[in-house]
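Structure, as C-alpha cells:
Below, chains carry the letters A, B, ... as their sequence lines are ordered, and counting in each starts from 1. In this text the structure is predicted, and so the values were computed from the model without any measurement.
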2 protein chains.
Amino acid sequence: MTESSRQSDPVEGGRPLRRDAALNRERILHAAREVFGQQGLGVTLDGVARHAGVGVGTVYRRFPTKEALIQALFAQDLRIRQEAADRALAHPDPWQGLVDFLMEMAADLAENRGLYEVLMLGAHTSAPIDSARDGMLPLLQALIRRARESGDLRPEVTPADIPVIQHMVYAAAQFTHGQQPDTWRRYLEILLNGLRRRPDDPPLETPSLSDEMVEQAMGISRAE
Amino acid sequence: MTESSRQSDPVEGGRPLRRDAALNRERILHAAREVFGQQGLGVTLDGVARHAGVGVGTVYRRFPTKEALIQALFAQDLRIRQEAADRALAHPDPWQGLVDFLMEMAADLAENRGLYEVLMLGAHTSAPIDSARDGMLPLLQALIRRARESGDLRPEVTPADIPVIQHMVYAAAQFTHGQQPDTWRRYLEILLNGLRRRPDDPPLETPSLSDEMVEQAMGISRAE
DNA sequence: AGTAAGTGGAGAAGATATCTCCAGTTAATG
DNA sequence: CATTAACTGGAGATATCTTCTCCACTTACT
C-alpha cells in the first residue's frame with residue numbers, strides 16, 4: 001500500500017544511496033507515515049527516528065528539515081485526492097458521484113491525521129503541496145454544479161461548503177475514533193441527508209462563505 | 001454581563017481582600033474570560049496577567065495554579081448550560097426545544113473556545129466541573145426521548161449523538177469564524193435537516209456510539 | 001584492505017511555561 | 001499622619017521540549 005515506485009527513487013539530484021542508507025530512508029518514510037497519520041504532524045523528528053529504529057542524526061541527514069520529510073510524504077497523497085475527484089466527476093449519477101467523493105475523502109482524512117493537517121489546515125505547506133491543493137478547487141466546483149443541476153442537491157449548496165463539511169466529519173471522526181473507527185460515517189450520512197434537495201423544504205437561512213473567504217479561512221488556520 | 005455576585009465573593013476561606021486586591025482579582029477574572037474565550041486554555045498565566053494589566057505574581061497569589069483560575073471561571077458557565085437544558089425540556093414543542101438547545105449551546109461554544117475545551121475536551125478538569133458536566137447527561141436523554149416520541153426526530157438518534165454534533169458544529173465555527181462569525185448556523189441547519197424524521201427515508205446505516213463509549217471518548221480526548 | 005559513505009545519540013542552542021521571591025508600594029487602622 | 005500588614009510587579013530560577021549539529025565509530029563497496 002505504501003510501497004510504490006520507491007525502490008529506484010533517485011533522491012533529488014545526488015548519487016545513489018548505499019544499500020543500508022536506502023533501507024534506512026525507507027524505514028524513516030514508513031515510520032513517518034505511521035506516526036504522522038496517527039498522531040499528527042506535531043510528532044518530533046526524534047519521535048519519528050525512534051519509531052523507525054534509527055538515530056536522529058540519520059533522519060536529519062536524509063531530510064534536512066521536517067518540512068522536507070512532510071513534503072516527500074504527502075505530495076503523493078494529494079495527487080491521489082485529485083484523481084478521486086476526477087473519478088467522482090465521471091460517475092454517471094452526479095449525486096452518487098458527490099457522495100462517493102465525500103466518503104472517500106473523509107475516509108482518508110479520518111485515518112490520517114497528518115493528511116488532514118496538511119490539506120485542511122495548511123500545516124507545513126510547501127509549493128508543491130499548495131499547488132496540488134489549489135488544483136482541486138475547480139473540480140469541487142464542477143462536482144457541486146453537476147449534482148445541483150441534476151436536482152438531487154439543495155440548490156443553495158456551494159463549493160465553499162465542502163471544506164467545512166470535511167472539517168466537521170473529521171471532528172466527528174476524531175471524537176469517535178478510539179471507540180469505533182467508522183462511526184464518522186453516521187454523521188456524514190446525516191449531513192448528506194440534510195444536503196439533499198426536498199421539494200417542500202424551506203431554504204437554508206444562513207448563507208455560506210464565499211470562495212475567497214474559504215481561502216482566507218484556510219490561510220488563517222494556517223497561521224495558527 | 002460578566003459582573004454578577006462577585007463583589008462580595010468571600011474567596012475560599014480567608015479574610016476579605018483589601019480593596020485594591022479585590023479589584024485586581026476582578027481584573028484577572030475578566031481578562032481570563034476574554035483571553036481563554038478567544039484563544040483557548042493554552043494561554044499562559046503570564047498572558048492573562050499582561051491582558052489584565054497586573055504582574056504575574058499577582059495572578060499566582062490569587063490563583064495558585066492555572067486549574068484554580070479555570071475552575072473559578074467555568075463552574076458557573078456549566079451551571080448555566082444545565083439551565084438551558086431545563087428550559088429546552090420545558091418547551092411545548094419537543095422538536096423546537098431540541099433545536100433551541102442545540103443552537104444555544106453551539107452559540108456558546110462557538111464564541112468561547114475555553115468553554116469548548118473544558119466542556120467537550122475535558123481540559124483541565126476538576127471535581128466541580130466534572131460533576132456539572134455529568135449532570136447534563138440525563139437531561140440530554142430526556143430531550144432526545146421527547147423529540148423522538150413526538151415523531152419529529154429520526155428514531156435512530158441517541159443521546160450519544162449530541163456531543164458529536166457539538167464537536168462538528170464547533171469545527172465548522174472555528175473554520176468560518178474569522179470570516180463570518182455566524183456561519184456555523186448554516187451547518188447546524190443542515191445537520192438538523194438530516195436529523196429530522198421523514199417517513200420515506202431509509203434508516204441510517206452506521207450505528208451511534210453507546211453512552212459508555214461517549215464517556216470514554218471524552219476521557220480519551222482529555223488525556224491528550 | 002582501503003576508504004568514502006553512513007550511523008547513532010549526546011548535547012548545544014533556543015523556545016516556552018510554570019512558579020518563586022523580594023524590594024518596594026499601598027490601603028487600612030488608631 | 002504614622003505604622004504596619006497586605007499587596008504588587010516582574011526579573012529570573014527551574015523545568016520541559018524541539019530542533020538540529022557534531023564526531024568517534026561502523027559498514028558497504030571496490
Side-chain angles (χ1 to χ4, degrees), chain A residues 7-32 35-36 39-73 114 117 123-124 126 223-224, chain B residues 7-32 35-36 39-73 114 117 123-124 126 223-224:
Chain A
Q7 188 120 336
S8 57
D9 231 11
V11 187
E12 280 133 90
R15 74 172 61 67
L17 292 174
R18 223 169 67 176
R19 209 171 52 244
D20 54 345
L23 176 65
N24 274 340
R25 187 170 187 276
E26 285 317 297
R27 280 208 188 117
I28 292 166
L29 281 167
H30 192 262
V35 176
F36 286 154
Q39 316 188 48
L41 304 178
V43 185
T44 70
L45 288 203
D46 289 59
V48 173
R50 209 177 316 123
H51 197 76
V54 304
V56 222
T58 305
V59 174
Y60 277 97
R61 192 166 331 96
R62 219 46 73 197
F63 303 95
T65 67
K66 204 172 177 178
E67 269 68 31
L69 175 56
I70 288 170
Q71 184 175 329
L73 266 181
E117 290 175 12
H124 300 269
S126 59
E224 179 167 329
Chain B
Q7 188 120 335
S8 56
D9 232 11
V11 187
E12 281 133 270
R15 74 173 62 67
L17 292 175
R18 223 169 68 175
R19 213 174 46 249
D20 54 347
L23 177 65
N24 275 340
R25 187 170 186 277
E26 284 318 296
R27 280 209 188 118
I28 292 166
L29 281 167
H30 192 261
V35 176
F36 285 154
Q39 316 187 46
L41 304 178
V43 185
T44 69
L45 288 203
D46 290 58
V48 173
R50 208 177 317 123
H51 198 76
V54 304
V56 223
T58 305
V59 174
Y60 276 97
R61 192 165 332 95
R62 220 44 73 199
F63 304 94
T65 68
K66 205 172 176 179
E67 268 67 32
L69 176 56
I70 289 170
Q71 183 176 330
L73 267 181
E117 291 175 12
H124 300 269
S126 59
E224 180 166 328

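- Between B/Asp20 atom CG and C/dA28 atom P the separation is 7 Å, expressed in whole Å.
- Regarding contacts with the backbone of D/dT8, a side-chain N or O of B/Arg62 is found under 4.0 angstrom from either OP1 or OP2.
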query: Could you walk me through whether A/Ile70 and A/Phe63 pass the side-chain contact (heavy atoms from CB on, under 4.5 Å) check?
result: CA-CA 9 Å; A/Ile70 288 170; A/Phe63 303 95; over 6 Å; no
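- Interatomic distance, CG of A/Leu69 versus CZ of A/Arg25, reported as 9.0 Å (0.5 Å rounding).
- Whole-Å rounding puts the A/Leu17 CG to C/dA4 C1' distance at 14 Å.
- C/dT18 atom C1' lies 13 Å from atom CD1 of B/Ile70, rounded to whole Å.
- Rounding to the nearest 0.5 angstrom, the gap separating the CZ atom in B/Phe36 from the NZ atom in B/Lys66 is 5.5 Å.
- If you take OG1 on A/Thr65 and CD on A/Gln71, they are separated by 8.5 Å, rounding to the nearest 0.5 Å.
- Straight-line distance from the CZ atom of A/Arg25 to the C1' atom of C/dA5: 16 Å, rounded to whole Å.
- One can place CG of B/Leu45 at 14 Å from C1' of C/dT16, the figure rounded to the nearest angstrom.
- Rounded to the nearest 0.5 angstrom, A/Asn24 CG and A/Arg61 CZ are separated by 9.0 Å.
- In this structure, A/Val43 and A/Gly57 both approach DNA chain D, and ranking their closest nucleotides by distance from the 5' end singles out A/Val43.
- When each of A/Asp46, A/Ile28, A/Thr44 is paired with A/Val59, the side chain to side chain contact (heavy atoms under 4.5 Å, CB included) condition holds for A/Ile28 and for no other.
- The shortest distance between the side-chain N/O atoms of A/Asn24 and the OP1/OP2 oxygens of C/dG6 is not below 4.0 Å.
- Between A/Val54 and A/Asp46, the one whose closest nucleotide on DNA chain C sits nearer the 5' end is A/Val54.
- Distances shorter than 4.0 Å separate some side-chain N or O of A/Arg19 from OP1 or OP2 on D/dC29.
- When each of B/Arg18 and B/Tyr60 is assigned the nucleotide of DNA chain C bearing its nearest heavy atom, the one mapping closer to the 5' terminus is B/Tyr60.
- Summary for the helix from C/dA1-D/dT30 to C/dG30-D/dC1: the axes at its two ends, each from 5 pairs, differ by 10° when rounded to the nearest 10 degrees.
- Look at CG on B/Leu41: it is 16 Å from C1' on C/dT18, rounded to the nearest Å.
- A straight line from CZ of A/Arg61 to C1' of D/dC25 spans 13 Å, rounded to a whole angstrom.
- The side chain of B/Thr44 lies closest to C/dA17 when the candidates are D/dG9, D/dG10, C/dA17.
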